[in-house]
S.K.: 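A single structure is presented below for examination.
All residue numbers refer to positions in the sequence shown, counting from 1. Since the model is a prediction, treat every value here as computed from it, not as a measurement. What's counted below: heavy atoms across the whole structure, side chains too, no hydrogens, waters or symmetry copies.
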Amino acid sequence: MRIIIAGAGEIGFHLAKLLSLESQNITLIDTDADSLSIAEKNLDIKVLKGDATSISILKEAQVATSDLMIGVTASQATNITLCLLAKQLGCKRTIARISNTEYIHNKEEVKFEQLGIDELISPEMLASEEIELLLDESAFNDTYEFEGGALIMVGTTLQQTAPFVGKTVQEAASIFPDLNFQPIAIQRSGTQTTIIPRGDVEFKEGDQAYFVTLPEGVDHLYQLTGQVRKKIKNVMILGGSQVGIKTAQNLCQSKFRVKLVEKDRNRALNLADRLPNALVINGDGRNLELLEEEDLSSMDAFIAVTENAETNIMSCLMAKSKNIKKTIALVENVDYFQLSHSIGIDTLINKKLLAANTISRHIREGEVVALTNLNNLNAELLEFIAKPKSDVIGKAIRDLEFPRSATIGGVIRNGEGIIALGDFVIQQEDSVVVCCLPEAISKIEKLFK
């Protein structure tokens, strides 16, 4: 595919990196020469310095023969404008990053597709949705739902008390024959190595393990991973950022009791009007005395989403020292991800990586979720629709020529999730969830074409 990305910031750079690994034809446009220089040196892509809303620049990027234009600059207006221009100039599809979530909520009334924008992406909305999902499954530090929860991916650190620690995948399957889940990836404690588990792979204490499960399998996973389901009701949010506002709105609608701490007085007064069902507190969230006055110790979850990553991390550590059940910190630096569990924070999230990963799902024929950018795993979770001429149709899973660095986590058939074992036969229109390492992606994609 020929893809143009406008904006060489964190979203654009990360997206270009993801797509260049797939040998896509990428052109990255930005007005900042330094950002483009870094991208050109580190990625196998073309770069073009200039204003992406310039028709001459778009023509130079060969927009007329491009399959996709992605606008992810810091300016919402710029992204919308360049997508409109790109569509008019012949680009097949367009995606725009926006900050005003009203556009997404009112897509039915405002026909953005008719205007020339096929998809709208809000990093702030994605981050708030991720936070709410993490609170719903509070013992897990990574979650993702396929097709409304027909299948659920969860990630957790295995405790010493987990019944299958010290056992191989095959042994665990024989001991727990009624399993409603499938292990799909493991990262050993203290390493950066991702393992796609086969029957002879042993679960070890401290493993960051990922599973695909049915909704009813979530309770089994709590028991078998040594975790305890933690009821979350009282939530404190630090920071009245866009993510903080959206998260507070979502949680209030879901009947959580929410306290939001905002340092700026005028902003706090404004938020108090916008969030009538939340208690808005004007104060510095780095002040432990203030947080203790506001009954921090009675909170079930602490979510730090200020614009300063270090403040978010330190405040979460402070909350964890008070035995808060769940801590979530918003960060900008990807390098912090591998530190989250070792320093004691339950989950780190990055709104820009969430946006880049969501956009990447629109590139391939199947839906794609890149786990590597959620918890530093070098693996991807892909969802494919089995087409009539796919090589997988009519074959049992054990008979497929699947590389060892890939595994099928589950299948969704007619809206129902299935944990598919070796004798399961894939049918046309089945939605198949696959976890694989990068070197296996091209082979897996060929099987589903």
S.K.: Please check if the side chain of Thr247 supplies one atom and the backbone of Gly244 the other of a donor-acceptor pair under 3.5 Å.
M.R.: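 Answer holds: no.
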S.K.: Could you walk me through whether Gln208 and Thr157 satisfy the side-chain hydrogen bond (donor to acceptor under 3.5 Å, both in side chains) test, starting with their C-alpha distance in whole Å, then the side-chain angles of each, then the deciding distance to 0.1 Å, before giving a yes or no?
M.R.: CA-CA 4 Å; Gln208 175 67 19; Thr157 303; 2.9 Å; yes
S.K.: Measure the shortest side-chain to side-chain distance between Met153 and Leu381 over non-hydrogen atoms and say whether it is less than 4.5 angstrom.
M.R.: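 In contact.
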S.K.: Counting heavy atoms not belonging to Gln428, are there more than 12 under 6.0 Å from its CD?
M.R.: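 Count over threshold, so yes.
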S.K.: Taking the side chain as every heavy atom from C-beta outward, state whether Ile70 and Leu15 have any atom pair closer than 4.5 Å.
M.R.: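 Heavy-atom side-chain distance check passes, below 4.5 Å.
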S.K.: Do Thr407 and Val434 have side-chain heavy atoms sitting under 4.5 Å apart?
M.R.: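 The answer is no, as the side chains (C-beta and beyond) never meet within the 4.5 Å cut-off.
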S.K.: Would a distance-only check, ignoring hydrogens and angles, find a side-chain to backbone donor-acceptor pair under 3.5 Å from Asn234 to Asp300?
M.R.: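 Side chain of Asn234 to backbone of Asp300: no pair is present.
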S.K.: Does the side chain of Glu124 come under 3.5 Å of the side chain of Ser99 through a donor N or O and an acceptor N or O?
M.R.: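 No donor-acceptor contact under 3.5 Å links the two side chains.
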S.K.: Quick one: pull up CG in Asn277 and CZ in Arg257 and give me the separation to the nearest 0.5 Å.
M.R.: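 The CG atom of Asn277 sits 13.0 Å away from the CZ atom of Arg257.
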S.K.: If you draw a 6.0 Å radius around NZ in Lys446, do more than 12 non-hydrogen atoms from other residues or ligands fall strictly inside?
M.R.: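 Open.
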S.K.: Does Glu102, at its CD atom, have more than 12 non-hydrogen atoms belonging to other residues, nucleotides or ligands within less than 6.0 Å?
M.R.: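 Counting other residues, nucleotides and ligands, CD of Glu102 stays at 12 neighbours or fewer.
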S.K.: Give the minimum heavy-atom separation between Ala127 and Lys351, together with the two atoms involved.
M.R.: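 Result for this residue pair: CB-CB, 3.8 Å.
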S.K.: Specify the closest pair of heavy atoms between Cys91 and Arg93, including all atoms of both residues, with the distance to one decimal.
M.R.: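 Nearest pair, atom of Cys91 first, then Arg93: SG-O, 3.3 Å.
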S.K.: Looking only at side-chain N and O atoms, does Gln62 offer a donor or acceptor that is under 3.5 Å from a partner on Arg2?
M.R.: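 The answer is yes; a qualifying pair exists.
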S.K.: Kindly give the heavy-atom pair with the smallest separation between Leu271 and Gly240, and that separation in Å.
M.R.: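 Heavy-atom minimum between the residues: CD1-CA, 3.6 Å.
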S.K.: How far does CD1 of Ile412 sit from CG of Leu214, to the nearest 0.5 angstrom?
M.R.: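 Output value for this atom pair is 10.0 Å.
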S.K.: I'd like to check the salt bridge (Lys or Arg N to Asp or Glu O under 4.0 Å) partners of Asp264; sequence neighbours left out, ordered by chain and number.
M.R.: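 Residues passing salt bridge (Lys or Arg N to Asp or Glu O under 4.0 Å) with Asp264: none at all.
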S.K.: Within the 4.5 Å heavy-atom criterion, are Leu120 and Phe112 side-chain neighbours or not?
M.R.: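 In short, these two side chains touch, coming nearer than 4.5 Å.
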S.K.: Report yes if the side chains of Ile408 and Val433 come closer than 4.5 Å at any heavy-atom pair, otherwise no.
M.R.: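 No - every pair of side-chain heavy atoms lies 4.5 Å or more apart.
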S.K.: Quick test of your reading of the model: are Asp430 and Arg413 salt-bridged, counting only N-O distances below 4.0 Å?
M.R.: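 Result for this pair is yes, salt bridge flagged.
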S.K.: Could you go step by step and tell me if Leu68 and Thr94 meet the side-chain contact (heavy atoms from CB on, under 4.5 Å) rule?
M.R.: CA-CA 6 Å; Leu68 181 63; Thr94 61; 5.7 Å; no
S.K.: Could you pull out the closest heavy-atom pair between Ala355 and Leu126, with the gap in Å?
M.R.: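 Looking at all heavy atoms of both residues, the shortest contact is CA-CD1, 3.6 Å.
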S.K.: Between Glu132 and Ser254, does the side-chain hydrogen bond (donor to acceptor under 3.5 Å, both in side chains) criterion hold? Intermediate values first, please.
M.R.: CA-CA 9 Å; Glu132 188 173 10; Ser254 299; 2.6 Å; yes
S.K.: Would you say that more than 12 heavy atoms from the other residues, nucleotides or ligands in this model lie under 6.0 Å from the CG of Asp273, or not?
M.R.: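 Yes, enclosed.
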S.K.: How far apart are the C-alpha atoms of Leu291 and Asn287, what are their side-chain angles, what is the distance that settles it, and do they pass the side-chain contact (heavy atoms from CB on, under 4.5 Å) test?
M.R.: CA-CA 7 Å; Leu291 296 182; Asn287 185 333; over 6 Å; no
S.K.: Suppose the criterion is salt bridge (charged side-chain N to carboxylate O under 4.0 Å, His left out): which pairs have a residue in residues 50-70, not counting sequence neighbours?
M.R.: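 Output for this query lists Asp67-Lys92.
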S.K.: So Leu36 and Leu28, side-chain contact (heavy atoms from CB on, under 4.5 Å) or not? Walk me through it.
M.R.: CA-CA 8 Å; Leu36 290 178; Leu28 182 63; 4.1 Å; yes
S.K.: Report the residue from Thr327, Leu238, Leu251 that forms a side chain to side chain contact (heavy atoms under 4.5 Å, CB included) with Ile303.
M.R.: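 With Ile303 as partner, Thr327, Leu238, Leu251 yield a single side chain to side chain contact (heavy atoms under 4.5 Å, CB included), made by Leu251.
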S.K.: Using the salt bridge (Lys or Arg N to Asp or Glu O under 4.0 Å) rule, take Lys87 and Asp118 through it: C-alpha gap first, then chi angles, then the decisive distance, then the call.
M.R.: CA-CA 9 Å; Lys87 199 51 149 325; Asp118 297 299; 3.0 Å; yes
S.K.: Do Phe424 and Val411 come close enough that some side-chain heavy atom pair is under 4.5 Å?
M.R.: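 A side-chain contact under 4.5 Å exists here.
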S.K.: For Lys326 versus Ile232, what's the shortest heavy-atom pair and its separation?
M.R.: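 Closest heavy-atom pair between Lys326 and Ile232: CB-CD1, 4.2 Å.
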S.K.: Report yes or no: do Asn312 and Thr306 form a side-chain donor-acceptor pair below 3.5 Å?
M.R.: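 A pair is found: one side chain offers a donor N or O, the other an acceptor, under 3.5 Å apart.
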S.K.: Is atom NZ of Lys41 surrounded by more than 12 heavy atoms (other residues, nucleotides or ligands) closer than 6.0 Å?
M.R.: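 Open: at most 12 neighbouring heavy atoms sit under 6.0 Å from NZ of Lys41.
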S.K.: Any donor and acceptor pair, going by atom type alone, linking the side chain of Asn270 with main-chain N or O of Asn266 inside 3.5 Å?
M.R.: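 No; zero donor-acceptor contacts below 3.5 Å.
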S.K.: Between Ala61 and Ser66, which heavy-atom pair has the shortest distance, and what is it?
M.R.: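 Heavy atoms only, the tightest pair is O-OG, 4.1 Å.
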S.K.: Out of the candidates Val305, Ile245, Asn250, only one should pair with Ser128 under the side chain to side chain contact (heavy atoms under 4.5 Å, CB included) rule; please name it.
M.R.: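 Testing Ser128 for a side chain to side chain contact (heavy atoms under 4.5 Å, CB included) against Val305, Ile245, Asn250 leaves exactly one candidate, Asn250.
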S.K.: Does the Asn350 side chain pair with the main chain of Leu353, one donor and one acceptor, at a distance under 3.5 Å?
M.R.: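 Yes; judged by distance alone, with no hydrogens or angles, the pair exists.
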S.K.: What distance separates Met125 CE from Thr358 OG1, expressed to the nearest 0.5 Å?
M.R.: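 Here the interatomic distance stands at 11.5 Å.
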S.K.: Please tell me whether Asn282 and Arg265 have a donor and an acceptor in their side chains that are separated by less than 3.5 angstrom.
M.R.: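 No, Arg265 and Asn282 have no side-chain donor paired with an acceptor closer than 3.5 Å.
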S.K.: Please name all residues satisfying side chain to side chain donor-acceptor pair (under 3.5 Å) with Ser75, sequence neighbours left out, ordered by chain then number.
M.R.: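 Counting only residues at least two positions away or on another chain, Ser75 forms a side chain to side chain donor-acceptor pair (under 3.5 Å) with Thr78.
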S.K.: Who are the salt bridge (Lys or Arg N to Asp or Glu O under 4.0 Å) partners of Lys322, not counting sequence neighbours?
M.R.: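 Lys322: salt bridge (Lys or Arg N to Asp or Glu O under 4.0 Å) contacts with Glu292.
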S.K.: Rounded to the nearest 0.5 Å, what separates atom OG in Ser241 from atom NZ in Lys246?
M.R.: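 So the OG of Ser241 and the NZ of Lys246 are separated by 13.0 Å.
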S.K.: Mark yes when over 12 heavy atoms from residues, nucleotides or ligands other than Met318 sit less than 6.0 Å from its CE; otherwise mark no.
M.R.: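 Correct, the count exceeds 12.
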S.K.: Are Leu85 and Leu58 packed together at the side-chain level, in the sense that at least one heavy-atom pair is separated by less than 4.5 angstrom?
M.R.: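 The answer is yes; the side chains approach within 4.5 Å.
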S.K.: With heavy-atom distances below 4.5 Å as the criterion, would you say the side chains of Ile237 and Lys259 are in contact?
M.R.: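 No, every pair of side-chain atoms sits at 4.5 Å or beyond.
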S.K.: Which residues pass the side chain to side chain donor-acceptor pair (under 3.5 Å) test with Asn100, sequence neighbours left out?
M.R.: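 Result, side chain to side chain donor-acceptor pair (under 3.5 Å) vs Asn100: none returned.
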S.K.: Could you check whether the rings of Phe402 and Phe448 sit parallel, tilted or perpendicular, using 30° and 60° as the cut-offs?
M.R.: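 Geometry flag for Phe448 against Phe402: perpendicular rings.
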S.K.: Could you tell me which residues satisfy side chain to side chain donor-acceptor pair (under 3.5 Å) with Ser37, sequence neighbours excluded, listed by chain and number?
M.R.: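 Result, side chain to side chain donor-acceptor pair (under 3.5 Å) vs Ser37: none returned.
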S.K.: Treating Thr73 as the side-chain partner and Ala6 as the backbone partner, does any N or O pair qualify as donor plus acceptor under 3.5 Å?
M.R.: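 Pair absent, no side-chain N/O of Thr73 close to backbone of Ala6.
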S.K.: So, the side chain of Lys325 versus the backbone of Lys231: is there a donor-acceptor pair under 3.5 Å, distance only?
M.R.: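 Present.
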S.K.: Between Ser431 and Glu147, do the side chains contain a donor N or O and an acceptor N or O under 3.5 Å apart?
M.R.: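 Result is yes, a qualifying pair exists.
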S.K.: Return the CG to CD1 distance between Leu279 and Ile281, rounded to the nearest 0.5 Å.
M.R.: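 One gets 4.5 Å once the value is rounded to the nearest 0.5 Å.
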S.K.: With rounding to the nearest 0.5 Å, note down the distance linking CG in Asp34 to NZ in Lys49.
M.R.: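 Nearest 0.5 Å value for the CG-NZ distance: 10.0 Å.
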